[in-house]
Amino acid sequence: MHDPIQNKITFSKITKTFGAVVANQEVSFSIVKGSIHGVVGENGAGKSTIMKILYGMFPPDSGEILFDERSITLSTPHDAIQLGIGMVHQHFMLVPTLTVWENIILGQEPTLGRLNKAAIVKSLEAIKTLYGFHVDLNARVESLSVGHQQQVEILKLLYRDASILILDEPTAVLTPQEVDSLFDKLRTLKKAGKTIVVVTHKLKEILKFTDFVTVMRQGQTIETLPTSTLTESSLAEKIIGRKRIPLNRPQVLRAHSPILSVESVSLTCSNSTLLKNLQFQVFPGEIVGLAGVEGHGQQELVEILARARKDYTGKVTLQGKDIKESSTYELKQQGFSLIPPDRYREAMVPTFSLSENVILGHHREENIKSGAFLSKEKMTQFARELIQAFDVRPGNPDQEMGSLSGGNQQKWVVARETAREVSFLLAAHPTRGVDIGAIDFIHQHLLKLKSQGAGILLISSELDELLELSDRILVIFQGEMVAEVEKEKASETQLGLWMTRGHQKEKCP
Amino acid sequence: MIDIFASALRLATPLIFAAMGGFLCERSGVATICLEAVLLTSAWTAASVTYFSHSPFLGTAAALWVGAMTMSIHSFLVTKTKADPIVSGVAVNLLALGVTPILTKLLFGSPTNTAALPLSERMSSELLLGLSFLLPFLLHFMVYKTGWGLRLLAAGDGPQALETSGVSPAKVRYGAMALGGAVVSLGGVYLSVAHASQFTREMAAGRGFIALAALIFGKWRPIPAFLTCLFFGLTDALQIHFQSSPLLGTTFPVQALQILPYLITLFVLVGFIGRAKPPLAIGKS
C-alpha cells in the first residue's frame with residue numbers, strides 16, 4: 001500500500017454503462033500483487049461488472065487499467081489470458097460431457113494432430129501435486145461434486161499459467177468444509193506468488209481470508225482498506241451505507257400443541273430413498289431451522305408440505321388436521337404460507353404486474369373483488385399498501401415483477417405470503433440471491449411473525465442465517481434427520497460435520 | 001442373396017455420407033434437419049457440372065463446394081441471425097426443393113431431369129463406397145482424439161465454456177458445418193453421377209431424413225450411426241427384393257419394410273432402446 005503504483009493492478013476511473021443503467025461509475029482501486037483481495041458489495045453494486053472488465057468480457061466506456069505502470073487494453077478474454085488473468089465464474093464454465101483433463105486444456109490445445117494425452121496428464125498431475133488438488137483427471141465433469149468442479153475451474157487457470165485469479169462468488173455453492181478447503185488452496189496459491197481476487201457478499205469469509213477489501217456500493221468504489229482494520233459490523237455498514245438494525249429475537253413460550261406435525265414421513269422413488277422416517281414438530285412462536293447440503297431431501301419435504309406431492313407414507317398435520325384431507329385453498333384459510341425455494345420459477349409470474357402477483361392464491365378474497373369480479377382498483381390499492389409496508393422499489397403496482405431486482409422480488413413474495421394472518425410459514429431459502437438490505441428486512445419480518453405466534457420452518461443453506469434466527473436446528477442428511485440441537489448449543493463446525501457426514505442416530509433426542 | 005447385400009451397400013452409401021456430415025453439424029451444437037437440401041443441391045451440381053465439363057472430378061469438386069455453401073446458409077441463419085434451427089432447416093430444405101428444378105429447366109429445358117451422362121463420364125461407385133467405409137473411422141479419430149475435435153464437442157456441449165476459454169464457438173460452428181456440408185455432398189454426388197447418370201427432381205427422396213434417423217439411432221456417434229446406415233440400407237434392399245420376388249409376389253406388404261427406419265427412430269426417441277442424448281446446445285438458442 002505504501003508503494004504507489006509498483007506491483008499493482010490499478011483500476012483508474014472505470015465507467016461502464018448498459019443502456020441507461022450505470023454498472024460502474026469511476027471505479028478506482030488497486031490490487032496488490034501476491035495478496036488475496038476481496039471485493040464486496042450488495043447485489044447490483046457492480047462487483048461482477050468490474051471483474052468482467054478485468055477479464056476482457058466487457059470493454060469499459062472510459063477509464064483505464066494499469067498493470068504495474070503500464071496501461072493495458074483488454075477487449076476479449078483471450079487478451080486477459082495472454083496477460084495471465086484468469087477467472088472462475090459464478091456459474092461454472094465447464095463442458096459436462098467431457099473429462100476433467102479435456103476441460104482443462106480446452107482452448108489451449110494444438111488443433112492439429114492427435115492429442116498427446118499422456119504428456120498432458122503428466123503435466124497436469126505435476127500442477128495438482130504442487131498446489132494440493134485432488135481430482136480425478138479422467139472423470140467426466142458431470143459426475144463430479146460442485147466442490148470438485150470448482151477445483152477443475154481453478155486447475156484450468158493454473159494450466160494457463162494465470163498469475164491473477166479472479167473468483168466470482170466462489171463459496172455460494174459450497175459446504176463450510178469445502179469453503180475452508182478452498183481457502184486453504186487459495187493460501188497455497190498466494191504463497192506461490194499468485195494474486196487472488198475474490199468477489200463475494202459473505203462478510204465472514206472476507207474477514208477470515210483476505211488481506212485487503214474493496215467495498216462497492218451502487219456502482220462506485222467506497223473504500224479499499226486492509227482487512228485487519230475491519231470488523232463484521234463495520235464492514236456491513238460500509239456495504240449498506242448505514243447502520244444495521246440489530247436483530248431482536250423475541251422469546252415466546254412454547255405452546256402445548258404443535259402447529260405442524262410431521263409423523264414418520266418417508267418417500268421412496270424408483271428404489272431410492274428420498275426421505276426416511278422424518279419426525280418433527282413446529283410449535284407456535286417458534287422458528288425451526290432445517291440445515292443440510294442442498295439435494296438431501298429438502299426439496300421433497302417442501303413439495304410434501306406444499307401439497308405438491310402425495311406419494312409419501314406417514315402423516316403431516318397442520319393444527320391437528322391431515323393436510324392430505326384439505327385442499328390447498330383450505331390450508332391457506334388455516335393460515336399456511338409458503339416462501340418457495342425457487343423464487344423465479346415457483347413464487348411468481350415474471351410477466352405479471354406487482355398487483356397481479358400479490359393476489360396469486362388469494363384471488364377469492366373479498367377485499368380485492370367487487371361483486372363476482374376482480375376489481376383492478378382494489379387490487380392496486382391493496383398492492384400500494386403492501387409496497388409501502390415492505391418498501392418495495394420501484395413501487396409501481398403496474399410494473400412487471402420480472403423487472404425488479406432479486407431482493408425486491410423476494411420482499412414482494414414475502415409480502416404476499418404474510419399479508420394475511422399466518423399460523424405456519426414454510427420459508428425455503430428466503431434470502432437466497434438477495435442483498436444485505438433485503439436480508440435484514442426479511443429476517444426482521446420473520447422474527448415479527450414469530451412474535452405474533454406463527455410457527456416457522458426455515459430451510460436454508462446459510463448456517464449464519466439458521467443460527468441467527470432459529471430456536472432449534474434440525475439437520476437433514478440423505479433424507480434422514482440426523483441431528484437436532486437447541487440454538488444455544490449449536491456450532492457452525494458441528495452443524496457442518498453433520499451436514500456432510502451424518503450423525504450417530506442414538507445421540508439425537 | 002449376394003445380390004441383396006450388394007444392393008444394400010449401394011443403398012447405404014448415400015445415407016452414410018449424409019449421416020457423417022450430419023454428425024459434424026449436429027455435434028457443433030446446431031440442429032441440422034437440412035441434410036436433404038444438401039443432398040439435392042450437390043446432386044444437381046455434380047450432374048450439371050459433369051455434363052458441361054465432361055469431368056466427373058470437376059463435377060464432384062463443384063458439388064462439394066455447393067454443398068458446403070448450402071449448409072453454410074443454415075449455419076449463417078442460425079449462428080449469426082439467431083434463427084430457430086428447425087425453422088431455418090425447413091427453409092433451406094424448401095429452397096433446395098424449389099431451386100433445383102428451376103435451374104434444371106433453365107439449363108436443360110425440362111424441370112424433371114438433367115441430360116444423361118455417358119458411362120465414361122460417371123464417377124466410380126466403388127471409390128465412393130470405399131470412402132464411405134473409411135469416413136466413419138476417420139471422423140471418429142478427428143472428433144475424439146484431436147484438439148480440433150475437442151473444440152467441436154465443446155461447441156456442442158458447452159459453448160459458454162469454450163467462449164470463456166478464448167475460442168469463439170461461432171467460428172468452430174461455421175467451420176464444422178461447412179465441412180459437414182461437403183461430406184453430405186459426397187452422398188449427392190453418389191446419387192446423381194455414380195449410382196445414376198443424371199439428376200432427377202426430388203432424387204434425394206427422404207434420404208436426408210433417414211440419415212438423420214440413423215444419426216439419432218447411433219446416439220450421435222459416427223461408428224454406430226454408420227452401422228445403422230448399413231442396416232437401413234439392408235431393409236431398403238429387402239424391400240426392393242420382395243417387390244419383385246415371385247416367392248412372396250404382391251402379397252407381401254413392402255410398406256412394412258419401408259417404414260422400418262422411421263419406426264426404429266421413433267422407438268429410440270421414445271426411449272425404448274436406451275436414451276439418445278443430443279448435444280446439449282441443440283434446442284437452446
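In this text the structure is predicted, and so the values were computed from the model without any measurement. Each chain gets a letter, A, B and so on, in the order its sequence line appears, and its residues count up from 1.
- Interface residue A/Lys156: only side-chain heavy atoms are found under 4.5 Å from chain B.
- In this structure, the portion of A/Ile81 lying under 4.5 Å from any heavy atom of chain B is its side chain and not its backbone.
- With B/Glu26 contributing its side chain and B/Thr32 its backbone, the two residues share a donor-acceptor pair below 3.5 Å.
- Per-residue counts of heavy-atom pairs under 4.5 Å with chain A were compared for B/Gly166, B/Ala161, B/Gly158; the largest is that of B/Ala161.
- In this structure, the portion of A/Glu142 lying under 4.5 Å from any heavy atom of chain B is its side chain and not its backbone.
- Note on A/Asp168 versus A/Lys47: no salt bridge recorded, every NZ/NE/NH1/NH2 to OD/OE distance being 4.0 Å or above.
- Taking the six-membered ring wherever Trp is involved, the centroid distance between the rings of B/Phe133 and B/Phe226 falls below 6.0 Å.
- Contacts with chain A were tallied for B/Glu163, B/Met142, B/Arg151, B/Gln160; B/Arg151 has the most, counting heavy-atom pairs under 4.5 Å.
- For the set A/Glu102, A/Glu109, A/His91, the entry with the most heavy-atom pairs within less than 4.5 Å of chain B is A/Glu109.
- Highest contact tally toward chain B, considering only A/His78, A/Arg114, A/Met57, is held by A/Arg114 [criterion: heavy-atom pairs under 4.5 Å].
- Side-chain contact of A/Asn24 with A/Lys52: a donor-acceptor pair under 3.5 Å is absent, judged by distance alone.
- Ring pair A/His89/A/Tyr55 is perpendicular by interplanar angle, where above 60° counts as perpendicular and below 30° as parallel.
- Between B/Tyr144 and B/His140, the angle of the ring planes lies from 30° to 60°, which puts this pair in the tilted group.
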